[in-house]
Amino acid sequence: MKKIAIMTAGGDCAGLNSVIKAVVLSAADKKIKVLGIQDGYIGFVEKKYIKLTKSDVYDIEKMGGTIIGSSNKQCPFHYPVAGKNNEYEDRVEESIKALKKQGVEGLIVVGGDGSLDSARVINDAGMPTIGIPKTIDNDMSASMPTIGFETAVENSVQAIRNLKATAYSHRRVFVVEIMGRTSGYLTLYSGFASGADIILLPELDYDLKVVCNKVKQIMKSGKRYVIIAASEACKEKGKEETISKILKDSFEQKRYGGIAEKLASQIEEITGYESRAMVLGHLQRGGEPIMSDIILGARLGNYALNLLLEGESGYIVGTKETALVKVKFPKTRKPRILELDKDDIAITAKDMGISFGV
Ligand code: F6P
């Protein structure tokens with residue numbers, strides 16, 4: 001193999017640049033050229049490529065985001081037809097041909113489950129491909145943790161610590177809205193590590209009465225504030241999720257948002273305690289990666305490259321305990337489900353008296 005390409009697709013996260021750096025340096029060491037595909041599947045289809053050399057990647061591991069860009073709505077086999085509304089076409093074969101014309105013999109896709117599903121299609125269509133899982137949601141079964149998760153937890157913990165100071169001063173209840181879509185990992189870990197009093201997860205519908213009683217109990221006990229870590233997709237028993245927008249042209253059609261505002265106003269009305277909402281939003285995803293994401297990104301990048309060079313493809317790489325592992329691209333998505341009765345952090349939180357609102 002003389003030339004490979006790399007793409008980052010889906011929502012960005014911390015640690016992507018570490019993957020890129022590892023792939024570029026490791027390839028350079030073996031005299032292999034690397035082409036960066038810009039902006040995820042947009043660049044794949046629209047043929048937006050950049051050469052990546054050693055001098056492009058010095059020190060990038062410390063930077064958040066991805067130097068080659070990303071996009072999280074486009075799918076190469078269901079790609080919008082230019083100038084037409086609601087018309088889509090399969091652009092995979094033509095895009096592979098264009099890459100091969102550039103001399104590319106293998107592809108590394110760093111992405112979430114939707115992006116890696118497209119990577120499977122590309123591999124099956126004739127471009128040897130390896131997928132690397134990344135998501136702040138930590139819901140991909142191929143790797144525990146996924147690239148970006150631990151930095152997002154750290155960012156959320158720092159933010160909640162800051163909130164605690166102002167919550168304490170003003171005797172307030174804060175509902176903190178945390179990303180993760182329908183997976184509660186980010187909320188559970190962030191809430192637990194920041195010492196939240198109540199953690200509300202998509203995996204367990206909460207009872208508003210229980211939440212309000214817990215708030216009253218905490219405030220009456222002499223503690224001056226309450227922190228509620230609420231996943232963006234958590235919901236009250238018997239009610240619907242809070243959605244800010246439906247995105248018709250996206251892999252993930254629901255854009256969550258608004259639960260913190262809604263819950264804070266309900267809590268204030270029922271308990272009488274001043275309650276505020278704080279949406280952490282994309283601040284969780286941005287910022288510099290912590291050490292563990294830098295290391296994880298580099299290990300998986302190097303592993304993916306070596307597999308391609310050994311003639312292996314069609315795999316998603318990840319980690320299991322301390323080992324690097326590979327699994328065949330699944331035909332259907334296999335998300336990792338947070339099982340609250342088995343997850344050690346959830347059990348510890350419950351034993352420590354943290355409420356799940358039930
Ligand atoms: O899947 C990653 C994620 O950050 C989710 O946690 C969040 O709901 C979503 O992406 C936000 O996506 P966007 O940046 O497109 O609004």
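Count residues from 1 along the sequence. Whatever order the structure lists ligands and atoms in, that order sets their numbers, starting from 1. The shown structure was predicted, so the numbers you read here are calculated from the model rather than taken from an experiment. Excluded from the calculations below are hydrogen atoms, water molecules and symmetry mates; all remaining heavy atoms, backbone and side chain alike, are included.
Contact residues of ligand 1 (protein heavy atom closer than 4.0 angstrom to a ligand atom; sorted by chain and number): Asn72, Ile136, Asp137, Met179, Gly180, Arg181, Glu232, His282, Arg285.
The backbone N or O of Ser275 sits less than 3.5 Å from a side-chain atom of Glu268, completing a donor-acceptor pair.
With sequence neighbours excluded, no residue forms a ring-ring contact (aromatic ring centres under 6.0 Å, His included) with Tyr206. With sequence neighbours left out, Tyr185 forms a ring-ring contact (aromatic ring centres under 6.0 Å, His included) with no residue at all.
In Lys51, the NZ atom is not crowded: 12 or fewer heavy atoms of neighbouring residues, nucleotides or ligands sit closer than 6.0 Å.
Within the structure, ring pair (Phe, Tyr, Trp, His ring centres under 6.0 Å) contacts touching residues 69-96 (residues at least two apart or in different chains) are His78-Tyr88.
Salt-bridge formation is detected for the pair Glu274/Arg172: a Lys NZ or Arg NE/NH1/NH2 atom is positioned less than 4.0 Å from an Asp or Glu carboxylate oxygen.
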